[in-house]
Amino acid sequence: MKSNSVPKLYVLTKSKVISGLQCHKKLWLDTNEPIKQELHIFYIGNRFGEFARTYYGEGCDLTGNLDAISAIAATKSAVNDPLIQVIYEAAFLHDGTLVRVDVLRRNSDAWEMIEVKSSTSLKNEHIKDASVQAYIAKACGITLNKIQIAHINKDFIYSGNGDYQNLITEADITKEVLQNMNEVPQWIAQLKPIATLGASMPDIAMGTQCTEPYNCPYQERCSALLQKLAEVPISILPYANKNLIEDFAKQGVYDLRNIPASSLTKPQHLMIQAAHQSNTVWLSPHLKSQACSYTWPRYFMDFETVQQGVPLLAGTKAYDALPFQWSIHRWDSADQILNVDDGLGYLKFYDPNMDREFLQTLLSAVGTNGPIFVHNASFERSKLRALVKRSTCADLHVPVEALIARIIDTLDIARDGFYSPVMMGSYSLKNIVKAIPTTVDYSSSNGLSGGGDAQIAWFKCTDPNISSSEKLDWENKLKHYCAQDTLAMYDFIKYIAES
Ligand code: SF4
């Protein structure tokens, strides 16, 4: 028998059922052409899952690299061992569907099932998720007398000293899961043929299911088909009106260059359309005089922050942003040429005093006068204001407000009067540098292409198993990445002033 003809032990997993309930095409793609995604939210979930295993105490832990057959056998033996009170990642297989239960805890003469979610509230999708787990576990002979979702207590404020006693909140969903129980076999029957190798891809149009309840990772792939209809799709307009796109699509018009200007109401949209129609860069004349009028020295500033389910600093809650890196480029005169290594930086992954240290070093780096350019400044402003609300930093309120008053948003400047067709509707720094002379090369950032990647780097660097050389490598990448953002802003302001 050829190896590829060996029947698979299972065709569905809990994740695939949930995927298929969102969109049949998504399930098909998961099975046949999966995208390997590395998202920071996975790291948040994993770290919270690790915390939950310490919270529920010692037990038989089947997490790790156990294959399905070994995990199922180990589960059976743990279930039959009266000395084992808790099983983590118990494995059950029924009707071609494999599930791994986060926590199974003995409860009198039956079991309590707990699914761990790193969200701050109970969601409908959690109930579907637990229903699949419970159905398969029950079919495998497990008697469940309680089913719960363990999620983050949004009101929990970490007081320090490792006291996380109230971080987890449990929601009893036994009744809701029991109500779903009859539906699960129907879900499985409907989804199994789609997840079977050799099935043809379901023909499904994009719609609300692409973002609800989860952001589908295949959106780029599915929208590529739509984009083939136009070289410059109307959808590139920032905050494009969906009705506008659909109305023109009904008339067979997909290209922004072919719609009447009178249908566009925002000056920025008109500017973008005009730039694409003439295939030229659009630069409003007033921007040059504005760029020349800024006083010296000029600073360019960027932050990286991380969010997590298990707060680290005393006085913070889950998902409070922890600023762990800043980069500053200081520009002293028009003839000074700056390079990526000319910047200043701060980078620390964890220290009980790092919120205060972050602010103090930043205040010292930007001095007391001169504009501070920031791209999409609402992010940095909000992080600064959140920091001075903490008791450890409250005395820095006045100098931090003075710093905030000096901030000028390069995103506002760009939206006000700059556009190049190569930006394809995006005002991110990564797209702006495509349109101006620059030494910034984001492809040299080696795996870091945005704030989400910087958060992943933070999680990797705070993993106790990371080697020192790997950590150093990530530190260098982070420093380079953040400094490229500040240099990109310098290049942008310089370009406008010299144009
Ligand atoms: S992008 Fe939308 S249509 Fe495409 S697979 Fe995902 S959910 Fe389905």
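Please read all numbers here as calculations on a predicted model, not as lab measurements. Atoms within a ligand are numbered from 1 in the order they appear, just like the ligands themselves. Numbering of residues begins at 1 and proceeds along the displayed sequence.
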Task: Among W282, F492, Y427, ring-ring contact (aromatic ring centres under 6.0 Å, His included) partner for F418 - done: F492
Open item on the list: Using 30° and 60° as the class boundaries, would you call the ring planes of F358 and F303 parallel, tilted or perpendicular?
Closed with: perpendicular
Task: Residues that K266 engages under side-chain hydrogen bond (donor to acceptor under 3.5 Å, both in side chains), provided they are two or more places apart - done: none
Task: Contacting atoms of ligand 1, where contact means under 4.0 angstrom from a heavy atom of Q219 - done: 1 (S)
TODO: Determine how many protein N/O/S atoms sit closer than 2.8 Å to atom 8 (Fe) of ligand 1, leaving waters out since they are not shown.
DONE: 1
Task: Geometric cation-pi criterion K25 and W28, 6.0 Å radius, 45° cone - done: no
Task: Interatomic spacing from CD in Q307 to CG in D320 - rounded to 0.5 Å - done: 8.5 Å
Open item on the list: Please determine whether side chain to side chain donor-acceptor pair (under 3.5 Å) holds for the pair Y319 and K154, giving the CA-CA distance in whole Å, both sets of side-chain angles, and the decisive distance to 0.1 Å.
Closed with: CA-CA 9 Å; Y319 293 103; K154 65 178 171 35; over 6 Å; no
